[in-house]
**Student:** 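Structure provided below as structure tokens; questions to follow.
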Amino acid sequence: MDGCIFCKIAKGEIPSSKVYEDDFVLAFLDLNPASLGHALVIPKKHAATLLDLEPGSGEALLQAMRKIGKALRKVVKADGFNCLQNNFSAAGQEVMHLHWHVIPRHEGDQVIKTWAPGKYENMEQMAALAGQLKAEI
Ligand code: 5GP
Ligand code: ZN
């Protein structure tokens with residue numbers, strides 16, 4: 001897609017530090033890493049958000065993340081890793097080409113602050129919301 005920075009990276013029009021590539025997927029290091037080795041995994045074909053991903057193409061992305069996670073555990077001695085994916089600006093998406101962050105984690109690091117757990121008013125409220133979602137899906 002014209003003007004999309006990750007499409008340009010996928011086409012090799014601008015440089016990136018590639019860590020993995022196959023017919024459908026490219027993975028490269030994030031320019032501003034949350035921790036060293038932080039990689040981005042993208043479909044080569046432009047999709048703005050997860051809602052635009054072609055059905056059936058998720059498996060290649062998932063397998064790429066598995067490979068990268070496994071490598072990060074060896075290369076940067078990560079104890080764990082997060083796979084994060086933001087959709088739309090409200091959720092923190094800045095680059096509008098679908099991507100997963102694969103972020104190496106070490107025991108006790110403060111790299112990612114998690115959310116404060118909330119509560120439903122009661123079980124009926126929770127069940128009603130689940131019902132609405134199920135009906136919509
Ligand atoms: P988002 O907030 O959209 O989920 O994350 C976008 C990520 O892309 C950010 O972590 C940012 O550092 C990274 N990024 C933005 N532009 C470039 C670039 O040109 N090259 C690389 N390697 N990473 C980029
Ligand atoms: Zn794109």
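Start at 1 and go down the list; that is how both ligands and their atoms are numbered.
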**Student:** Group every Ile, Leu, Val, Met, Phe, Trp and Tyr by side-chain heavy-atom contacts under 4.5 Å, then state whether Phe81 and Ile112 land in the same group.
**Tutor:** no

**Student:** Pick one: which of Lys45, Gln85, Gln93 meets side chain to side chain contact (heavy atoms under 4.5 Å, CB included) with Leu98?
**Tutor:** Gln85

**Student:** OG/Ser89 to CE/Met96 distance, rounded to the nearest 0.5 angstrom?
**Tutor:** 7.5 Å

**Student:** Taking the hydrophobic residues Ile, Leu, Val, Met, Phe, Trp and Tyr, and joining any pair whose side-chain heavy atoms are under 4.5 Å apart, which ones share a cluster with Ile5?
**Tutor:** Phe6, Ile9, Ile14, Leu26, Phe28, Leu40, Ile42, Val95

**Student:** For the atom pair CH2 (Trp100) and CG (Leu62), what is the distance rounded to the nearest 0.5 Å?
**Tutor:**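 It comes to 8.5 Å.
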
**Student:** Are there more than 12 heavy atoms of other residues, nucleotides or ligands under 6.0 Å from atom CZ of Arg73?
**Tutor:**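 Counting neighbours around CZ of Arg73, 12 or fewer heavy atoms of other residues, nucleotides or ligands fall under 6.0 Å, so no.
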
**Student:** Near the Zn ion (ligand 2), which protein N/O/S atoms fall under 2.8 Å?
**Tutor:**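 N, O, S partners closer than 2.8 Å: Cys4 SG, Cys7 SG, His46 ND1, His97 ND1.
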
**Student:** Do the rings of His38 and His101 sit parallel, tilted or perpendicular, given the 30° and 60° boundaries?
**Tutor:** tilted

**Student:** Looking only at the side chains, is there a donor atom on one of Gln132 and Glu136 sitting less than 3.5 Å from an acceptor on the other?
**Tutor:**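 No - no donor-acceptor pair under 3.5 Å links their side chains.
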
**Student:** Quick one: which residue pairs count as a ring-ring contact (aromatic ring centres under 6.0 Å, His included) with a foot in residues 102-126, not counting sequence neighbours?
**Tutor:** none

**Student:** Can you name the residues that come within less than 4.0 Å of ligand 1, going by heavy atoms only?
**Tutor:**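 Ile5, Phe6, Ile9, Phe28, Leu29, Asp30, Leu31, Asn32, Leu40, Asn86, Gly92, Gln93, Glu94, Val95, His99, His101.
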
